[in-house]
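Please read the structure below before turning to the comments.
Computed from heavy atoms alone, side chains included, the values below leave out hydrogens, waters and symmetry copies. Each chain gets a letter, A, B and so on, in the order its sequence line appears, and its residues count up from 1.
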Number of protein chains: 2
Amino acid sequence: MKDPLIGLPGYVLRRAAAAALAELNERLAPLALRHSDASFLILIDASPGITQSTAGRILDIQRANMVPFLARLERRGWVKRKKVDGRTQGLMLTSEGRSVLAKTRAIIEDFEAGLIKRVPRKLRAGVLPILLALWNRPTEEVDP
Amino acid sequence: MKDPLIGLPGYVLRRAAAAALAELNERLAPLALRHSDASFLILIDASPGITQSTAGRILDIQRANMVPFLARLERRGWVKRKKVDGRTQGLMLTSEGRSVLAKTRAIIEDFEAGLIKRVPRKLRAGVLPILLALWNRPTEEVDP
DNA sequence: TATTGTTATACTCTATAACTATA
DNA sequence: TATAGTTATAGAGTATAACAATA
């Protein structure tokens with residue numbers, strides 16, 4: 001039985017992402033982390049003092065959904081908040097957070113390397129440009 | 001504020017898929033369909049008489065999750081079941097199902113065309129081969 | 001014994017509306 | 001008036017375990 005959807009880039013994009021995410025979550029499971037936690041830790045580390053609104057905008061996580069998300073990371077002692085003004089709080093990794101991030105980075109690098117290795121050598125240079133292009137919503141009719 | 005994850009193919013793959021899916025769901029909303037419904041209708045149409053177990057295996061939907069999924073499509077009069085033997089039932093589109101599928105296909109074709117148009121011309125030939133390669137789990141160390 | 005369909009259940013992710021307190 | 005953080009809630013999507021009926 002063949003999959004009649006296999007010629008549709010949108011469908012294959014979804015399946016590829018789902019498979020990759022499942023694999024990454026498996027690999028992160030020993031740290032009791034999910035891929036979303038990992039991306040969040042990386043972002044805070046790259047931008048210490050970032051607010052949760054800004055972080056949410058970058059990662060495309062709604063403000064409302066950041067709350068339980070952040071609460072968990074804080075409860076586990078990986079992220080701390082520091083008041084910036086009366087309504088804003090900057091996010092920082094704790095030293096424990098940096099420690100778990102180091103392990104996380106190792107797992108992610110291994111995962112990403114494995115991902116790219118599935119692609120035939122000759123096509124590898126196109127992977128990131130194509131994915132970035134697919135990601136961006138059409139702005140003007142460039143290269144129609 | 002830059003996204004420090006933008007160099008990771010796995011991350012961009014996820015974001016690209018999420019954005020594409022959201023857009024497709026928007027486009028399908030007038031038909032009160034979701035992308036998962038659409039792929040299911042296409043599959044049944046391509047393989048009339050397929051069982052839900054087989055369909056679930058192809059689409060990577062668990063048997064247990066097929067039940068409410070199929071029930072909705074049947075309730076809306078788009079899919080009917082026919083007993084094959086005592087425990088197996090073949091799935092078929094109703095004429096109403098074929099009618100909604102025709103509209104669905106038009107939306108999907110337009111969506112897929114828009115998706116591919118985001119990619120610079122020179123890279124387009126690589127899109128599907130790369131996505132298919134990323135989808136497949138590594139078997140042996142081919143092309144390391 | 002293995003498979004099909006089913007029920008029940010739980011967790012993640014996402015989406016929206018509305019509230020508060022601050023800027 | 002707009003924004004940051006929060007609460008509550010709902011709907012997809014996905015995962016597992018267990019069961020009955022049948023092959």
Checklist outcome for this item: Assign each of Arg63(A) and Arg63(B) the nucleotide of DNA chain D bearing its closest heavy atom; nearer the 5' end lies the nucleotide of Arg63(A)
Would a 4.5 Å heavy-atom cut-off, applied to side chains only, mark [X] and [Y] as touching?
X: Arg105(B); Y: Asp45(B); value: yes
X: Tyr11(A); Y: Asp3(A); value: yes
X: Leu28(B); Y: Arg34(B); value: no

Checklist entry - Do you reckon Ile116(A) sits in the same ILVMFWY cluster as Leu134(B), going by side-chain contacts under 4.5 Å, direct or chained? => result yes
Next on the checklist: Just to verify, what does Arg87(B) make a salt bridge (charged side-chain N to carboxylate O under 4.0 Å, His left out) with, not counting sequence neighbours?
Outcome noted: none
Checklist entry - By salt bridge (charged side-chain N to carboxylate O under 4.0 Å, His left out), which residues pair with Arg63(B), not counting sequence neighbours? => result none
Item to check | Base-contact (B) and sugar-phosphate-only (S) positions in nucleotides 8-17 of chain C, heavy-atom cut-off under 4.0 Å, - elsewhere | outcome: B---SSBBBB
Identify all side-chain donor-acceptor contacts of residues 106-113 of chain B below 3.5 Å with residues at least two apart in sequence or on another chain.
from      : atom 1 : to       : atom 2 : distance (Å)
Asp110(B) : OD2    : Arg27(B) : NH1    : 2.7
Glu112(B) : OE1    : Gly10(A) : N      : 2.8
Glu112(B) : OE2    : Gly10(A) : N      : 3.2

Checklist outcome for this item: Contact span of DNA chain D against chain B, any nucleotide atom under 4.0 Å from a heavy atom, 5' to 3', runs dA12(D) to dA23(D)
Next on the checklist: For a quick test of reading the model: is some side-chain N or O of Arg57(B) closer than 4.0 Å to OP1 or OP2 of dT4(C)?
Outcome noted: yes
Checklist entry - Is it true that Arg76(B) and Asp37(B) have a side-chain N and a carboxylate O under 4.0 angstrom from each other? => result no
Next on the checklist: Do the side chains of Glu74(A) and Lys80(A) get close enough for a salt bridge, i.e. N-O under 4.0 angstrom?
Outcome noted: no
Checklist entry - For residues 80-89 of chain A, which residues have at least one heavy atom under 4.0 Å from DNA chain C? => result Asp85(A), Gly86(A), Arg87(A)
